[in-house]
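A short write-up of the structure that comes next.
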Amino acid sequence: MLVELKDITHVYNQYNPTVALKDINLSISEQEFIGLIGHTGSGKSTLVQLLNGLIEPTSGTVLYNNEDIFSDKKRLKFIRQKVGLVFQYPEHQLFEESIYEDVAFGPKNLGLKKEEIKNRVKESLELVGLDYEKFKDRSPFNLSGGQQRRVAIAGVLALKPEILILDEPSAGLDPNGRNNLLELLKYLHQDINITIILISHRMEEIAKLATRVIVMDEGRIVLDGSPAEVFSEEKRLRELDLDLPAVTSILHKLNSKGVSVRTDIFDVIEAKDEIISKLQEK
Amino acid sequence: MQGKNMISTFNEYDYSSNPARLIAMQALMVAFVSAATFIAVPGPSSSYFNLGEIAIYILALTFGGKAGGVAGAFGSAITDILLGYSIWAPFTFVIKGLEGYVVGRIAGGETDLKKVIIAILIGGHIMIVGYGITKGFLISWAAVLPEIIIDYGQMSIGAVVAIPISRQLIKHFKSK
Amino acid sequence: HKLDARIKIIITIIMITVLFLIDSFIGFGLFLLFVIAIMMISKLPVKRVLNGLKPVFFLIIITLFLHMFLTRGGEVLWEWGFLRIEEEGLFTGLFMVGRILLLIMFTSLLTLTTSPLQLTDGIEYLLKPLARFGVPAGELAMMMTIALRFIPTLMEEAEKIMKAQKARGADFESGNIIERAKSLVPLLVPLFISAFRRADELALAMESRCYQGGTNRTRLNELELRRSDIYALIGVLIIAVLLSFR
Amino acid sequence: MSLIEIKDVDFLYREQEDKALSGVNLSIEKGEFISIIGSNGSGKSTLAKLLNVLLVPTEGQVFVDGFNSSDPENVWKIRQKVGMVFQNPDNQLVATTVEDDVAFGPENLALPSDQIRERVDKSLEMVGMGGYQSHPPHELSGGQKQRIAIAGIIAMLPDCIVLDEPTAMLDPMGRKEVLKTIKYLNEEEGITVILITHFMEETIFSDRIVVMNGGEIKDIDKPSKIFQNIDLIKSAGLDVPVAVQLANELRSSGLQIPEVMDIEELVTALC
């Protein structure tokens, strides 16, 4: 197991105690692509901040490669390197004069050698599809919004994380920008073998990419399974006021009207084939 | 494009031509100083030092006296009130306002390090002497010494952090 | 509590002046009675007023001790090695402490009974006569309102940025003071840029909502002087005179 | 004359080489619901700012209710008639309480207090935020903040609201609330709505969709027609709503399917 959460409960204590997470048990293995869904305030953000030690749970343990991440506070930096976290609107955290310097911030904090830092910056910029020579000396603030986001993601990739967690990475982008970003995630997962946790409100994104879907509600994990399994729980998801991917939603509705089609389909073309074959049977 | 607007906000426009832009910009700079003052970093002894000075110097050095003065005066005084030190607010208003104005007046938009340091030394001492006198009269001269030590810390740390940041910002806005 | 913000500001200024004119402990006692009376009338919990004293506790102790040990005169009360407390020192020390305590208690009365927004409004009205001399009172008040509106937003933002930089290995908690100060750059620059971007967008939103400057605006809640305000002001004036010329 | 007339408008930002808008012509009738779609940099936001005189055309003219926006005399009249809601709900709220924020516009119009009070309460009711008068904005959810921003515009009694990606930063719940509010204002209160969005599903209720690309208007038509033209949509860097995509696919496989816009319509058509 790469990461394990054991009996986690977390309570925010600041003003009036609010329970953010309740009895969470979760194991994540290498190579998974997890889609994490749930309402605002369901505990998703708290959960992912636990995973890289930004928040310490009120009770329970977080294991990374079987090591309790809070057992030695000095090693937290190392954990944060292995569990990369990309916050919402990550471009808002850019601060350096040049793109090179900004991407190098993480590796520098790790105390790496100059040569290694340079290699990592180059590699991560190319990963996110920005030409190193062309972009390295430019100011990050003169880029378009979509490009800034790529630089920010490169800044986390430069830590060489084994797990990459992204909180709504496509928020605010136009359809093209969204699609490009999803392609990047697919590439990172399939070709670079990074384990990914994607928080998103867009069920289409989750259905297309994830190998496993986790649904949270009021601080608990309420559903956990393959996309086909989770999205077949139509009623449960509606109760939680969550959407289904549009294709799945259409198929479910057809089913309830007596056209018995399979519902574990997320792709438009596949759905078309299924509908046509079932209608012809009729 | 954005940067251009920002510089011009404080230099070219006057109140009558574009009040919304000027007010929004100054208000957010005030909020920036105030938010920075709220961020307290535990320091030596039981005192703490806050980032307010840094924020004032950044604004003054980047945008000049007017911006630094307004942000210093209002930002710090509001924070005094919000934190419950309202008794200091009027003095803070004058002292920090003057500090921001003087630093910005001497070295606003400057990248010449010597000038910048001189500006902060003068501005910083206005703050140090100002608070010294205030506390001396208001409370007692006995309270002045620890105050002065903290204030010197504020000034030096303010300079160390604000100078590189403001140089970067000036360069950024000039390049646009 | 329900008094007009302008009146409250004026009262506070008067009473602070009075506090500096008082030169006896009996004066302080009467003043304290006055403060307690206000606290009772406005139903303020004593705890909150006392909470306001916490941050200056250190200052108060220092003041007391320095005066006790350094001021000379009168009978020697206590002596140990080179440390010596004389009557005059103890007296001055306690006097100073009394003044600080009352000063802070009284001003916190103002801030506890008046929201910063009301204060802003009050200050705007008091500054209005100065508009003739070129003080843009309306604009300044508008600016304060917006600043107050955005302080919590920027503080939340600062927290988010701090976490994001920590996720990239930034360390805000160790190192000597200069190192720590330097570690703030990745926090302050994005915070500044955020403030700047927000200002840019806010300016557009204000313009599109017809904001043209301070002169021709009306208010949803106009400040109105009521009879009770006037009575309160007169009452305070009488108390002030009595206290300071006793 | 239409409520809004845009005639041969070009717009060039200072210090930029390419025109942000070129040769734009568009007229919008009172009571219409118009959606504007296009990728980033297609000129949508520039167009929106022209309607509110936040920008003035470099070439050509914009008329609102007959007033020419290029004439400085008309600026405030037009801004009162055309209200604007922006993307980031945080950055358009000016005051520390909800009611003071909604009152900001009417205060600027120098209305008497009692009239402002009436408008504030009514506008909050209309966006479903009645009872929130004294809440501080920073404690509200994104969807609620955005509805407060809309109330702030409604309180100025505009003929038309322009919304520039109002749902881009909201979660699905907030997005639904805001869309519901916009639809209500258009259908029940007769306010003209111009909605700029990246979410294709939000456009299907509109009377007409304007497709923009590279500073030009590529097509204006009702939603069912626009989304038939897949090539146009793809070349503008946009998506087609899934239900429409599926309907198109089924149709090209020989199934007889009428024009459908959303999931419900498609399901009904198939059964």
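This is a predicted model, so every value here is computed, not measured. Numbers restart at 1 for each chain; the letters A, B, ... are given by sequence-line order, proteins then strands.
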**Q.** CD1 on B/I81 to CE on C/M144, rounded to 0.5 Å
**A.** 6.5 Å
Q) So, for C/E207 and B/A20, which heavy atoms are closest and what is the spacing to 0.1 Å? A) CG-CB, 3.6 Å
**Q.** Residues which pass ring-ring contact (aromatic ring centres under 6.0 Å, His included) with B/Y131, listed by chain and number, not counting sequence neighbours
**A.** none
Q. Can you tell if the side chain of B/R21 reaches within under 4.5 Å of the side chain of C/D200, non-hydrogen atoms only?
A. yes
Q: Apply ring-ring contact (aromatic ring centres under 6.0 Å, His included) to B/Y101 and list each qualifying residue two or more places apart in sequence or on a separate chain.
A: none
Q. Can you tell me how far CG of C/L140 sits from CD1 of B/I23, rounded to the nearest 0.5 angstrom?
A. 8.0 Å
Give every donor-acceptor pair under 3.5 Å between a side-chain atom in residues 183-196 of chain C and any protein atom, sequence neighbours left out.
from, atom 1, to, atom 2, distance (Å)
C/S183, OG, C/R180, O, 2.6
C/S194, OG, C/E157, OE2, 3.4
C/S194, OG, C/R198, NE, 3.2

Q) Between OG1 of B/T37 and CE of C/M155, what distance do you get to the nearest 0.5 Å? A) 10.0 Å
Q. Quick one: which residues of residues 123-130 of chain B reach chain C at under 4.5 angstrom, heavy atoms only?
A. none
**Q.** Separation of B/S34 OG from C/L154 CG (nearest 0.5 Å)
**A.** 9.0 Å
Q: Considering non-hydrogen atoms only, spot the tightest contact between C/A147 and B/A27 and give its length.
A: CB-O, 3.6 Å
Q: Work out which heavy atom in C/A199 is nearest to a heavy atom in B/M25; give both atom names and the distance.
A: CB-SD, 3.6 Å
Q) What part of B/F32 lies closer than 4.5 angstrom to a heavy atom of chain C: side chain, backbone, both or neither? A) both
Q: Kindly indicate, with the supporting measurements, whether the criterion side-chain contact (heavy atoms from CB on, under 4.5 Å) is fulfilled by C/E139 and B/L22.
A: CA-CA 10 Å; C/E139 273 91 344; B/L22 183 68; over 6 Å; no
**Q.** Atom CZ of B/R167: over 12 foreign heavy atoms under 6.0 Å
**A.** yes
